[in-house]
Amino acid sequence: MNYRQFCRSFKVLFGPATKPTETELRELWQIIQYNGGKYRFHKLINYMQERLEYRQRWLDALNQYPGPLQLINGSYDPVSGAHMVARFRELIERPAGIVELAKVGHYPQWEAPDLLASTYLGFIENRSKKVAPISL
């Protein structure tokens with residue numbers, strides 16, 4: 001992978017108005033290059049196999065957890081966006097708050113840090129109350 005390929009594939013993960021700047025892309029590319037990092041990407045993809053291997057275990061954990069549960073999701077994410085929320089609703093059999101960040105992609109912590117933090121802190125403050133699904 002070269003810098004152009006990285007930029008092209010990385011930018012599609014973001015919402016339409018939250019794309020990384022050229023400076024951010026260059027800095028991230030520099031980090032990836034450090035100590036041959038780009039040659040280690042294949043070792044980070046283990047979660048694909050783990051998803052299959054631990055699927056039921058993870059679903060059981062989410063369904064059986066006795067405390068409040070909330071999902072905060074970037075709906076514009078092509079990897080795990082709105083379609084993942086729909087699947088979450090199918091598979092999670094217990095009440096869960098769902099916050100869909102409509103114009104945010106794969107990295108809500110980068111694209112909308114203030115919104116993510118306020119949403120999460122609101123959940124923490126109100127975790128004893130039932131959290132209704134909302135869309136932002």
Y120 side chain near Q70 side chain, heavy-atom distance below 4.5 Å: no

Do the side chains of W110 and P20 get nearer than 4.5 Å, heavy atoms only? yes

All side-chain hydrogen bond (donor to acceptor under 3.5 Å, both in side chains) counterparts of S118, not counting sequence neighbours: none

Residues at least two apart in sequence or cross-chain that pass side-chain contact (heavy atoms from CB on, under 4.5 Å) with V79, listed by chain then number, are L13, D77, H106

Applying ring pair (Phe, Tyr, Trp, His ring centres under 6.0 Å), which residue pairs with at least one partner in residues 67-89 are found, sequence neighbours left out? none

Short question: side chain of Q5, backbone of N2 - any donor-acceptor pair under 3.5 Å? yes

Taking transitive links into account, so neighbours of neighbours count too, which hydrophobic residues share a cluster with M48 at under 4.5 Å side-chain distance? I45, Y47

Can you name the residues that form a side-chain contact (heavy atoms from CB on, under 4.5 Å) with Q30, not counting sequence neighbours? none

Transitively linked via ILVMFWY side-chain contacts under 4.5 Å: Y65 with F123? no

Return yes if some donor-acceptor pair links the side-chain N/O of K19 with the main-chain N/O of F14 below 3.5 Å, else return no. yes

Ring-plane angle category for F6 and F10, please: parallel below 30°, perpendicular beyond 60°, tilted otherwise. parallel

Please tell me if the side chains of L69 and I92 come closer than 4.5 Å, counting only heavy atoms from C-beta onward. yes

Taking side-chain contact (heavy atoms from CB on, under 4.5 Å) as the definition, give me every residue that meets it alongside L116, ordered by chain and number, with sequence neighbours left out. I72, P108, Q109

For T119 and L115, the nearest pair of non-hydrogen atoms, with its separation, is OG1-O, 2.7 Å

Say you draw a straight line from CE of M84 to CG of L91; how long is it, rounded to the nearest 0.5 Å? 10.5 Å

Residues 31-39, side-chain donor-acceptor partners within the protein, below 3.5 Å, at least two apart:
unit_1, atom_1, unit_2, atom_2, d
K38, NZ, M1, O, 3.1

Shared ILVMFWY cluster between W58 and I98, side chains joined below 4.5 angstrom? no

Nearest 0.5 Å please: distance from the NZ atom of K103 over to the OG atom of S75. 11.5 Å

Would you please name every residue forming a side-chain hydrogen bond (donor to acceptor under 3.5 Å, both in side chains) with W29, sequence neighbours left out? none

For Q49, what residues pass the side-chain hydrogen bond (donor to acceptor under 3.5 Å, both in side chains) criterion, not counting sequence neighbours? none

What donor-acceptor contacts under 3.5 angstrom involve side-chain atoms of residues 50-57, with partners at least two apart or in another chain?
unit_1, atom_1, unit_2, atom_2, d
Q56, NE2, D60, OD1, 2.8

Under the rule for side-chain contact (heavy atoms from CB on, under 4.5 Å), what residues qualify as partners of T23, not counting sequence neighbours? T21, E27

Could you tell me whether the side chain of E111 and the main chain of G105 form a donor-acceptor pair under 3.5 Å? yes

Excluding sequence neighbours, so at least two apart, what forms side-chain hydrogen bond (donor to acceptor under 3.5 Å, both in side chains) with R94? none

Look only at the side chain of N73 and the backbone of E100, and say whether a donor-acceptor pair between them is shorter than 3.5 Å. no

